[in-house]
**Q** 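Here it is, the structure, as structure tokens.
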Amino acid sequence: MFTPAELLEINKLLTPEHKIVILTHYNPDGDAIGSSLGLKHYLKTKGIHAEVIVPNDFPKFLKWMPEAKKVLIADYKRKVASDLIYEADVIFCLDFNAPSRIGILGDWLTNSRAKKILIDHHQQPEKFDFVYSNTVIPATCQMVYHFIEAMNDENLVNNDIAECLYTGIMTDTGGFRFRSTSATTHRIIANLIEHGADPAMITSNTWDTNTVSRLHLLALILGRIEVVKDGKVAVLYLTREELKEYGFQKGDTEGFVNYGLSILGVKMAAFFMEDLYEDFIKISFRSKDDMDVNQFSRKYFNGGGHINAAGGKSYESLQGTIETFKVKIEGEESL
Ligand code: 5GP
Ligand code: MN
């Protein structure tokens, strides 16, 4: 948590006179949108307006969240987004810890004179004016809750805040399953339910939203899943042609990589997908135990993230990327 002195300073910055912006990462997920909107709703209870800005669009299954439709998508409204960032007095940076994770917004953030406040749970944070970084907390949404507690404002948690924070904790813990899910996480979840979060509604709106295209894509990749390195590494992939053929929509492949990790004996799963528009391969890594995919992705695939969940990018062809990957995992001692 921020130090008491930092909390005092932050408290002074949070006034209705100040222009406040909340930013989150490229390809926003449930935790990114949940923490940003949760914080926005919290500030609103104190009479403070904040603008949530994201680099690019996010999946439909997150758009039910209170005020999700008011999130400013910089891809569609570049000028408005850059003006807001340059004019801001305070910028909250949620669920990412390096300007390179927010695309074009990264330069604007770096050049903005605003005070920058980081709340994030990824590995190896860069420099910000105020840093609340904790890599063993499963979701940034949980950290936003701790921030509200530290501000002595738990009594302000309302239905909107509760729904948003619940969603991000639920998605980033894979439904309260991943390793960093703790008793504290569950206590906070209990508080959020008491403040109005409805687990059945949130689960159904977020997860019972399969499109036929998603299920067809899933069937396709499961049908050709490959296990290498003595059964310890699962490899999944999708080509651009396939994405087009099946009518891919944003979010359709969310969670696919976890099927690889669910195979008995597998310690690491990698999912390679050609980007629909640009010439690069988006990679998702997941792992178990001490196989550190944050380090692995930083070292070989221009990425990073958490120890057991990370992303990366490759500018080789799809087949070339998969070949390179297979070579790199041969040298991995923790596998
Ligand atoms: P995903 O595979 O779901 O895209 O990403 C898994 C985790 O790694 C998420 O927490 C995400 O924020 C993070 N991540 C994804 N891509 C990158 C990247 O290129 N760099 C860094 N530092 N983190 C990433
Ligand atoms: Mn997160």
Side-chain angles (χ1 to χ4, degrees), residues 22-39 54-56 58-59 61-62 92-103 106 118-126 132-146 164-176 178-181 185 206 234 236-238 250-261 268-273 275 278 280-287 291-315 321 325:
I22 300 169
L23 300 182
T24 192
H25 63 77
Y26 191 79
N27 283 343
D29 57 11
D31 192 32
I33 298 296
S35 58
S36 300
L37 287 174
L39 180 65
V54 297
N56 62 338
F58 52 98
F61 62 76
L62 298 174
F92 279 94
C93 300
L94 300 189
D95 204 35
F96 72 97
N97 62 18
S100 61
R101 286 285 293 138
I102 53 173
L118 179 81
I119 303 180
D120 174 69
H121 64 144
H122 292 90
Q123 299 279 325
Q124 296 161 271
E126 292 188 8
Y132 171 27
S133 160
N134 186 326
T135 58
V136 298
I137 295 183
T140 300
C141 279
Q142 178 173 331
M143 302 177 76
V144 169
Y145 190 92
H146 289 313
C164 293
L165 298 186
Y166 185 106
T167 305
I169 296 175
M170 178 185 88
T171 55
D172 254 30
T173 57
F176 316 106
F178 298 153
R179 198 154 60 145
S180 46
T181 309
T185 309
T206 310
L236 305 97
Y237 69 89
L238 274 174
K250 200 160 210 32
D252 271 353
T253 57
E254 197 92 12
F256 279 10
V257 64
N258 294 316
Y259 287 93
L261 202 64
M268 177 186 192
F271 172 43
F272 302 86
M273 185 169 98
D275 188 82
E278 287 171 59
F280 73 91
I281 313 296
K282 159 84 184 99
I283 315 171
S284 282
F285 295 113
R286 298 293 183 271
S287 66
M291 169 58 208
D292 184 343
V293 286
N294 165 57
Q295 287 305 346
F296 182 83
S297 186
R298 272 175 202 268
K299 202 160 149 196
Y300 303 119
F301 292 103
N302 312 296
H306 309 282
I307 290 174
N308 295 133
K313 262 184 178 187
S314 159
Y315 299 94
T321 304
F325 170 73

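In listed order, ligands and their atoms are each counted from 1. Any value given below was found using the heavy atoms of this structure, including those in side chains, with hydrogens, waters and symmetry copies removed.
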**Q** Would you say His306 and ligand 1 have an N/O pair spaced under 3.5 Å apart?
**A** yes
**Q** State whether the shortest distance between N or O atoms of Arg101 and N or O atoms of ligand 1 falls below 3.5 angstrom.
**A**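 The answer is yes, given that Arg101 and ligand 1 share an N or O pair closer than 3.5 Å.
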**Q** Please list, in number order, the atoms of ligand 1 under 4.0 Å from a heavy atom of Ser284.
**A**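 Taking each heavy atom of Ser284 in turn, ligand 1 has 1 (P), 2 (O), 4 (O) under 4.0 Å.
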**Q** Tell me the protein heavy atom at minimum distance from atom 23 (N) of ligand 1, and give that distance in Å.
**A**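 Sorting protein heavy atoms by distance from atom 23 (N) of ligand 1 puts Gly304 O, 2.9 Å first.
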**Q** Does some side-chain heavy atom of Phe178 sit less than 4.5 Å from a side-chain heavy atom of Asn308?
**A** no
**Q** Counting both backbone and side chain atoms, is some N or O of Phe285 under 3.5 Å from an N or O of ligand 1?
**A** no
**Q** Side chains of Ser314 and Thr321: do they bring a donor and an acceptor to under 3.5 Å?
**A**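 A pair is found: one side chain offers a donor N or O, the other an acceptor, under 3.5 Å apart.
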**Q** How close do Gly34 and Leu165 get, heavy atom to heavy atom, and via which atoms?
**A** O-CD2, 4.0 Å
**Q** What protein heavy atom sits nearest atom 10 (O) of ligand 1, and how far off is it?
**A** His122 NE2, 2.7 Å
**Q** So, do Asp95 and Asp29 sit near enough that their side-chain heavy atoms are less than 4.5 Å apart?
**A**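 Heavy-atom side-chain distance check passes, below 4.5 Å.
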**Q** Write the atom name of the N, O or S atom in Asp31 that is nearest the Mn ion (ligand 2).
**A**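 The atom in question is OD2.
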**Q** For Lys282, counting its heavy atoms only, list the atoms of ligand 1 lying under 4.0 Å from any of them.
**A** 1 (P), 2 (O), 4 (O)
**Q** Please classify the Arg286 to ligand 1 contact at 4.0 Å (heavy-atom distances, strictly less than): side chain, backbone, both or neither.
**A**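 Near ligand 1, Arg286 shows its side chain, while the N, CA, C and O stay back.
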**Q** Answer with yes or no whether the side chains of Asn294 and Gln124 bring together a donor and an acceptor at under 3.5 Å.
**A** yes
**Q** Do Asp172 and His121 have side-chain N/O donor and acceptor atoms under 3.5 Å apart?
**A**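 Yes - a donor-acceptor pair under 3.5 Å links their side chains.
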**Q** Report yes if Asp29 has an N/O atom closer than 3.5 Å to an N/O atom of ligand 1; otherwise report no.
**A** no
**Q** Please confirm if an N, O or S atom belonging to Asp172, backbone or side chain, lies less than 2.8 Å from the Mn ion (ligand 2).
**A** yes
**Q** For the residue pair Phe272 and Phe301, does the interplanar ring angle fall in the parallel (under 30°), tilted (30 to 60°) or perpendicular (over 60°) class?
**A** perpendicular
**Q** Please find the N/O/S atom of Asp95 nearest to the Mn ion (ligand 2) and write down its name.
**A** OD1
**Q** Do me a favour and list the nearest non-hydrogen protein atom to atom 7 (C) of ligand 1 with residue, atom name and distance?
**A** Ala309 O, 3.6 Å
**Q** Quick check: does His121 have an N/O/S atom under 2.8 Å of the Mn ion (ligand 2)?
**A**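 Short answer: yes, at least one N, O or S atom is under the cut-off.
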**Q** Considering non-hydrogen atoms only, spot the tightest contact between Ala309 and Arg286 and give its length.
**A** CB-CD, 3.7 Å
**Q** Any idea how Tyr166 and Phe176 line up, ring-wise: parallel (<30°), tilted (30 to 60°), or perpendicular (>60°)?
**A**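 Perpendicular.
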**Q** Would you mind running through ligand 1 and noting each atom that sits below 4.0 Å from a heavy atom of Gly305?
**A**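 Here the atoms of ligand 1 in question are 8 (O), 13 (C), 21 (C), 22 (N), 23 (N).
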**Q** Any side-chain heavy atom of Leu118 within less than 4.5 Å of one from Pro125?
**A**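 Touching, per the 4.5 Å side-chain cut-off.
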